[in-house]
Peer 1: 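Sharing a structure here in structure tokens format.
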Amino acid sequence: MQELSEADSLTEVIRRALTLYDALLVTAREDRGKLVVRYEDGSERELMLV
């Protein structure tokens, strides 16, 4: 993950992951929203928020 994300350290990878988790997953769940991944071919997949 560190190489793929071009992060300087494993700590940076974890910090980014927690920021993403909070910004997207926690907020979407609290607001009763949906998280949808849209692929290049136009297909979509809704992710379950637990």
Peer 1: State, yes or no, whether a side-chain contact exists between Leu47 and Val36 at a heavy-atom distance under 4.5 Å.
Peer 2: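 Leu47 does not reach Val36 side chain to side chain.
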
Peer 1: Answer yes or no: are there more than 12 heavy-atom neighbours, outside Glu44 itself, under 6.0 Å from its atom CD?
Peer 2: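 Check passes, neighbour count above 12.
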
Peer 1: Ignoring hydrogens and angles, tell me if any N or O in the side chain of Asp41 forms a donor-acceptor pair with the backbone of Ser43 under 3.5 Å.
Peer 2: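 Checked: pair present.
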
Peer 1: Rounded to the nearest 0.5 Å, what separation is found between the CZ atom of Arg15 and the CG atom of Leu20?
Peer 2: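 Result: 11.5 Å between the selected atoms.
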
Peer 1: Of the non-hydrogen atoms in Gln2 and Val13, which two are nearest, and what is the gap between them?
Peer 2: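 Closest heavy-atom pair between Gln2 and Val13: CA-CG2, 3.5 Å.
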
Peer 1: Is it true that, when you exclude Asp8 itself, more than 12 heavy atoms of the residues, nucleotides or ligands shown sit nearer than 6.0 Å to its CG?
Peer 2: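 Not buried by this count: 12 neighbours or fewer within 6.0 Å.
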
Peer 1: Would you kindly confirm whether Tyr21 and Met1 end up in one hydrophobic cluster when ILVMFWY residues are joined by side chain heavy atoms under 4.5 Å apart?
Peer 2: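 No, it is not one cluster - the side chains of Tyr21 and Met1 are not joined through contacts under 4.5 Å.
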
Peer 1: Applying a strict under-4.5 Å side-chain criterion to I, L, V, M, F, W and Y, I'd like to know whether Leu35 and Val26 cluster together.
Peer 2: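 Both belong to a single hydrophobic cluster.
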
Peer 1: Of all heavy-atom pairs between Ser5 and Arg16, which one has the smallest distance, and what is that distance?
Peer 2: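 Result for this residue pair: O-NH1, 2.9 Å.
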
Peer 1: Would a single hydrophobic cluster contain both Leu10 and Leu18, if residues Ile, Leu, Val, Met, Phe, Trp and Tyr are joined by side-chain heavy-atom contacts under 4.5 Å?
Peer 2: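 Yes; Leu10 is reachable from Leu18 via cluster members.
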
Peer 1: Output the distance between atom CG (Leu24) and atom OG1 (Thr19), rounded to the nearest 0.5 Å.
Peer 2: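 Here the rounded value is 10.5 Å.
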
